[in-house]
Amino acid sequence: MEEERALVEMGVEDFDLAGTLSCGQVFHWERRGAGWVGAMGDSAVYLEQKEAKLFLSAGEEDRVRNYLSLDHPWQTIRESFPSDPALDLAVEFCGGMRIIRQPSWECLATFITSSLKRVEQIGKISLRLRRSFGERLECIGGEVFSYPRAEKIAGLREEDLRACGLGFRAKSLLGSARMIAEGQVDLVKVRAMDDEGAMEELRRLPGVGEKVANCGLLFGFERLGAFPIDVWIERVLIEGYFSGESGVSRERLREFTRDYFGRFGGYAQQYLFHHARTTGVRIGRQG
DNA sequence: CTCCAGGTTCCGG
DNA sequence: CCGGAACATGGA
């Protein structure tokens, strides 16, 4: 078919496309047939994996390689991990999953809208914002939409955002977009800061606390040592590393995760998160 | 109908 | 510094 010719093939090693796109680090990729469609920033692309081959929209090879972090040294990362029952299991389950390079604003904005929402809901909010206020793009799998720029959102009203299902998060997203549009926070400068400085700067934005800032740093600024602690990771840590002890303080968890998981701690975190969430380990809940 | 979701912020002790 | 509560919305 005519469309088939617009796909090119790329060899990949130690890579899992489905896991990478659906592990909860990015929320707007949609399944289309045997593959996925979505926007990498302002570029639409179709992606499909068959074993060690990746099929993608022609002309997007370099962007895809970069976006999917195919250059990350997966074996090195894996070997840098400590060995313990919880992490060993998660690494085996998540083999080939990459921390991708998301544009910093859309990553940060998406996580601002993530608080007290399930992963599926975060995706729906992202897609509604994109369809309502983003740019329409086309690729082989159909149409997709880019994430609206901070300047675009800054010009909207809170109720416009609430119409996309944001609830109380609308105020935070709007406030953050305005601070960035006005230049009060410069994400380009954040990129040049050290981890602590970047964290401090991001937390000036409304709706950005420690957890969201860490997600931003890990997924949007390639700080692979950042270790976001959410309710899932907290359970995993307490069950797997603190013998189920109750009342482990935030500070103790922070201190433990800062050194224990090594310089690629963010990778370990995402593997633990995805494994726990996917295998349905739910402590303190029935079912 | 009730409960809860990749949290943040504000408040009182 | 710490624990609690409010905060909107939608799906189970």
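- The phosphate of B:dA5 (OP1 or OP2) has a side-chain N or O of A:R235 nearer than 4.0 angstrom.
- Aromatic ring centres of A:F273 and A:F227: separated by at least 6.0 Å.
- Look at the P atom in both C:dC2 and B:dG6: the space between them is 25 Å, to the nearest Å.
- Remark: the backbone N or O of A:T110 is paired with a side-chain donor or acceptor of A:T113 at under 3.5 angstrom.
- Residue A:R149 qualifies as open at atom CZ: its count of foreign heavy atoms under 6.0 Å is 12 or below.
- To the nearest angstrom, P of C:dC7 lies 11 Å from CZ of A:R162.
- Between the side chain of A:S69 and the main chain of A:H72, no donor-acceptor pair closer than 3.5 Å is present.
- At whole-Å resolution of the value, CG in A:L161 and C1' in C:dT9 are 15 Å apart.
- With hydrogens and angles ignored, the 3.5 Å screen pairs a side-chain donor or acceptor of A:R32 with a backbone N or O of A:G141.
- In this structure, the CD atom of A:Q121 is 11 Å from the C1' atom of C:dA8, given to the nearest Å.
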Inset, instruction - Indicate for each nucleotide in nucleotides 6-13 of chain B, in 5' to 3' sequence, whether protein heavy atoms under 4.0 Å reach the base (B), only the sugar-phosphate (S), or nothing (-). - result: BBSS----

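- With rounding to whole Å, A:L173 atom CG is found 15 Å from C:dA8 atom P.
- Side-chain atoms of A:Y267 come within 3.5 Å of backbone atoms of A:I99 as a donor-acceptor pair (strictly under, hydrogens ignored).
- The separation of B:dC11 from C:dA8, taken at their P atoms, amounts to 15 Å, rounded to a whole angstrom.
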